[in-house]
Amino acid sequence: MGIRTGAQYIQALQSRSPEIWLEGRRITNVVSEPVFKQPIQEIAKLYDMQHDPQYQDSITHICKETGERVNNAFLHPTTYEELMARSELFEIYAKSTFGLMGRTPDFLNVVVTGMAHNGWFLDQYNPEWSVNIKNYFNYIRDNDLFLTHAIINPQNDRSKNSHGQKDMFTHLGAVEETPDGLIVRGAKMLATLAPITDEVIIYSFPGFAPGDERYALAFAVPVDTPGLKLICREPMQDGKRSQFDHPLASRFEEMDALLVFNDVLVPWDRVFLYNNVEAANLLYPKTGIAQQPAHQSGVRGYVKLAFATEVACKLADSIGVDGYLNVQNDLGELVQNVEVIRSLLRVAEYEFETTASGEVMPNAAALETIRGMLPKMYPRAIEVIQIIGAGGLLMSPTGNDFNAPEIRSEIDKYYLGRDGVDSLERVKLFKLAWDLCGEAFGQRLVQYERYYTGDPIRKRAIFYNGYKRKAKFSMVDEALSVTNEFVKDQPKLAK
Ligand SMILES: Cc1cc2nc3c(=O)[nH]c(=O)nc-3n(C[C@H](O)[C@H](O)[C@H](O)COP(=O)(O)OP(=O)(O)OC[C@H]3O[C@@H](n4cnc5c(N)ncnc54)[C@H](O)[C@@H]3O)c2cc1C
Ligand SMILES: Nc1c(O)cccc1C(=O)O
């Protein structure tokens, strides 16, 4: 089939009935549920862009294997040009949502592309696993599917491993093997956008210890597989608030869900890894499934940071405060942060790395630096919006107030901005800013940037330890060499 349209994506959602729970209600028709309606439209738009002549050549290509047109997320990059074809896709998709939706279909499609093309890794443990992931890759590519994923255990007692939790199946684990497949039980989090996806893929960040064998798993199943429950967090909008009052929150909320597996059967051909702690721990660092999606995250994060920076600048200009030195200092800092991320992305792409199997990967150090810096830069951009908007952010009237003739003249008089900025323009801008910096929707966006890639503190520590393993510190040795002769009888220290 190749690339789907938005209508085909929505039709597929309508054809299934996954077990979705939202505020204590079982959702029977996800497409007509107000909370999901607009986010579904935003994803459908991405599918439609694949057919739009303005974007088609930038975000899709003809698959060499099938001759069909498929999305660039399924392009296995072996050249710089192919890496950039993916970069272009990431940027076009991110701009379509101002970077506010992190788990658009390209993200996990890139993960599966990476996993499937690193079959050598799974082959070492079980050749069937690499065949399974390759077939799965072909399936999602040719049907243009949208995946969610859950790679974290539920947050119960983090001081204990999976096998040390109170109940053996709090964390998702294998219960038994059957001729048809593996029976799995327990929960996994945090499956962003799960209710409006086609398939669920499970694997894990490293961290398994001996004894965790039953939890060392990777597999994929359709989102409506019997026994799989999706328990949504509280929504941050009800789907009925106006786009005037909440121009971002009303459109771009990504629902997050806990996935509960109640003795779910995973067919053997959908098992990619099982019962192997070493393989589960090495899958993420060894196969590029960290590096390739970090390219998507970096580009998307760049767009989101640039968007928040634009909002801060427009806000300051609209009320005539951007002539003040303190405000210029804050805004200049944000613009420089955007430039830092843009530059790091270019380094990641120009200084690409080619693996032994010929896969071109964006430069790991540059991507990891983005991963380390965005969790600080994005919250800072939001803080600057809060500081510049100050009390005004809390004072916006609603769209209905503009439509009430009895107060319209007061609204127009007391809500206008600097010369040339009328009340409507100023209020619209402040509402946009409040969605980003005040609403629960905006707070989730901050939390996403802090944690989407794992704990930023531990990630930075891993980054430093990797640097230290390779570093020679030769400049320091060279600088100290002039002092070598000064002290007589220097102790000979082992290097
Ligand atoms: C909005 C959002 C969307 C997300 N979407 C997805 C998704 O689609 N799919 C998915 O799989 N995941 C998703 N994630 C999950 C993300 O991967 C995790 O939030 C992240 O890995 C951190 O894990 P945690 O939330 O369980 O925090 P925890 O690991 O429980 O950490 C809690 C606190 O304890 C500290 N801590 C915990 N353990 C240690 C330790 N061993 N050493 C030192 N300090 C420790 C941490 O530093 C942190 O301060 C999402 C997260 C967010 C916020
Ligand atoms: N956060 C990630 C994820 O959820 C899946 C794959 C990779 C990442 C990452 O940031 O490395």
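Read the numbers this way: they start at 1 and go in the same order the structure lists the ligands and their atoms. If you read the sequence from its start, that first residue is 1, and numbering goes on from there. As the structure is a computational prediction, the values presented were derived from the model and not from experiment.
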Cation-pi check, Arg300 to Tyr452: give yes when NZ or CZ is under 6.0 Å from the six-membered ring centre and within 45° of the ring axis, no otherwise.
-> yes
Face-on cation placement of Arg185 at Phe169 ring, 6.0 Å and 45° thresholds |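 Yes, Arg185 sits over the ring of Phe169.
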Salt bridge (Lys or Arg N to Asp or Glu O under 4.0 Å) pairs, two or more places apart, involving residues 267-276 = Glu199-Arg270
Residue pair Glu278, Tyr125: steps toward the side chain to side chain donor-acceptor pair (under 3.5 Å) verdict = CA-CA 10 Å; Glu278 181 189 286; Tyr125 300 99; 2.5 Å; yes
Considering only NZ, NE, NH1 and NH2 on the basic side and carboxylate oxygens on the acidic side, decide whether Asp198 and Arg4 come within less than 4.0 Å.
->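 Yes.
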Note: Arg86-Glu82 ion pair, threshold 4.0 Å (strictly below) |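 Judged by the 4.0 Å cut-off on N to carboxylate O distance, Arg86 and Glu82 do not form a salt bridge.
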Identify, chain by chain and in numerical order, each protein residue with a heavy atom under 4.0 Å from an atom of ligand 2.
->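 The 4.0 Å shell around ligand 2 contains Arg103, Phe107, His149, Ile151, Tyr203, Phe205, Tyr284, Ile289, Ala290, Pro293, Arg371, Tyr452, Thr453.
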So among Asn118, Thr78, Thr354, which one has a side chain to side chain donor-acceptor pair (under 3.5 Å) with Glu359?
->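 For Glu359, the side chain to side chain donor-acceptor pair (under 3.5 Å) check succeeds only for Asn118.
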Name the orientation class of the two ring planes belonging to His295 and Phe90 (parallel below 30°, tilted from 30 to 60°, perpendicular beyond 60°).
->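 Ring orientation, 0 to 90° scale: perpendicular.
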Could you name each residue pair satisfying ring-ring contact (aromatic ring centres under 6.0 Å, His included) that touches residues 264-294, not counting sequence neighbours?
->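 Residue pairs passing ring-ring contact (aromatic ring centres under 6.0 Å, His included), neighbours aside: Tyr136-Phe272, Phe205-Tyr284.
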In order of chain and number, which residues sit within 4.0 Å of ligand 1 by heavy atom?
->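 Shell around ligand 1 (4.0 Å, heavy atoms): Arg103, His149, Ala150, Ile151, Ile152, Gln155, Arg158, Met189, Leu190, Thr192, Phe205, Asp256, Arg444, Gln447, Tyr448, Tyr451, Tyr452, Gly454, Asp455, Arg458.
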